[in-house]
Amino acid sequence: MGSDYTDYRDPSRQVQRKGELLNFRTMKFCEIPSKDVFGRCRYVSSFQKCNRVGEGTYGIVFRARDTVSDEIVALKKVRIDQDIFKDGFPISGIREIHILKKCKHENVVQLKEVVVGNSLESIFLVMEFCEQDLASLLDNMDSPFTESQVKCILIQLLKGLKYLHSNYIIHRDLKVSNLLLTDKGCLKIADFGLARYLGEPDKPMTPGLVTLWYRPPELLFGAKIQTTAVDMWATGCIMGELLTHKPLLPGTSEISQIELIINLLGTPSESIWPDFPKLPMAQHFTLKVQPYNNLKIKFPLLSAAGLRLLNFLFMYNPSNRAAAEECLLSTYFKEAPLPCDPKLMPTFPHHRDIKSSSGKNAEPAKRSSTTTSAANNSKPFEAGHLPTISDLLGSLIKKRRVD
Ligand SMILES: Nc1ncnc2c1ncn2[C@@H]1O[C@H](COP(=O)(O)OP(=O)(O)OP(=O)(O)O)[C@@H](O)[C@H]1O
């Protein structure tokens, strides 16, 4: 390695050199291994914005056309604001790039490239385009999914999760709006802004991250360590939502979320969950006593195998909760009605084709990227030196440190 590993805190050395990255744990520069260099980023002006398809906490997503290849893609503008370095790790956008770059599975949304606008903060993820997300689909469907469609969706979700978990990636924000569906019936897990590698970082993870309705009891009771079981609880909530066509546990606060869980599954106890009394919040709450598991009442039409699967996903003790691989072996997927083939999933009307609010649908995406105040304050990239992803990450980290 040719890097001199100079300490970042040396004031004469605070500029990242080409091909280097600041390791923010050691605060030293290190050379980027060639396998991790993604190539030069294109400008976002190579894309023509068609319409906005979604907006989440961390970014706006557009349907766009690659003017070079003519391909339709999803362009997610990464929102770069105050949350950099929050809980000791760079912003969600950087996490998302880092993790998605490593993922290659048909049930995980594919990151094609990262493109840049006129400023350092203007960064876009170019992803394969998916015509639907399950949240807007559920909101707009006249009749619920059939059970065989639900099974088809669940199997794909579980395959995607099996891949992620076997690669030590925890998604941490599974919910219907983060599950995309192509017109070919292929489900893709998206939005890796909160994803983490299992066991990383060393310090405890923030417990309040997973969206409330999908948040598992261990996080509600303040567990600091998160495992892949977090995603499996969310999978149980998604299974319930797909079957009943409405959110299963729509709590309005952490307390009401805990109450809804207890109403459905009974009160947790040390006998079924030995670590429970040790959790920080377990000592603060006096829990309502509810001795019954009401899953069978909530899902009267679900087969015994379906109920077994749901119960396995809803184990209070995260160590006993079903793993994705185990769920895929469930009898539920082998009994009638059998899961439909993804190719036979119906094509649903496209509900998200909202016209861009500016009314300038065919404007190049670059236009919108230059209107943010952050963009206006920033130095444009020099012509002839398009950054690499590593340059971008390094610049962002440096900027925030200096700020
Ligand atoms: N690849 C894609 N193809 C089509 N639509 C997409 C794609 N990625 C995201 N979307 C749409 O944009 C919405 C928001 O995207 P995403 O969840 O990645 O953003 P976010 O800011 O991280 O959201 P959240 O608030 O859930 O954290 C999704 O619900 C979906 O409707």
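Start at 1 and go down the list; that is how both ligands and their atoms are numbered.
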Trainee: Once you restrict to heavy atoms under 4.0 Å, what part of Lys175 touches ligand 1? Side chain, backbone, both or neither.
Mentor: side chain
Trainee: Considering the heavy atoms of Met127, write down every atom of ligand 1 situated less than 4.0 Å from one of them.
Mentor: 1 (N), 8 (N)
Trainee: Between Lys188 and Glu106, is the closest basic N to carboxylate O distance under 4.0 Å?
Mentor: no
Trainee: Test of understanding: given a 4.0 Å heavy-atom threshold, classify the contact between Leu194 and ligand 1 as side chain, backbone, both, or neither.
Mentor: neither
Trainee: Out of Leu111, Val61, Leu179, Leu134, who gets a non-hydrogen atom closest to atom 14 (C) of ligand 1?
Mentor: Val61
Trainee: Classify the contact between Ala74 and ligand 1 as side chain, backbone, both or neither, using a heavy-atom distance cut-off of under 4.0 Å.
Mentor: side chain
Trainee: Regarding atom 7 (C) of ligand 1: of the candidates Thr211, Val176, Leu180, which has the closest heavy atom?
Mentor: Leu180
Trainee: Backbone, side chain, both or neither: what part of Glu128 comes under 4.0 angstrom of ligand 1, heavy atoms only?
Mentor: backbone
Trainee: Is NZ or CZ of Lys151 both nearer than 6.0 Å to the six-membered ring centre of Phe333 and within 45° of the ring axis?
Mentor: no
Trainee: Please name the residue in the list Val109, Leu161, Asp231 that meets the side-chain contact (heavy atoms from CB on, under 4.5 Å) test with Ile189.
Mentor: Leu161
Trainee: Tell me if the NZ atom of Lys175 is crowded by more than 12 foreign heavy atoms within 6.0 Å.
Mentor: yes
Trainee: Answer yes or no: is there a donor N or O on one side and an acceptor on the other, between the side chain of Thr67 and the main chain of Ser46, under 3.5 Å?
Mentor: yes
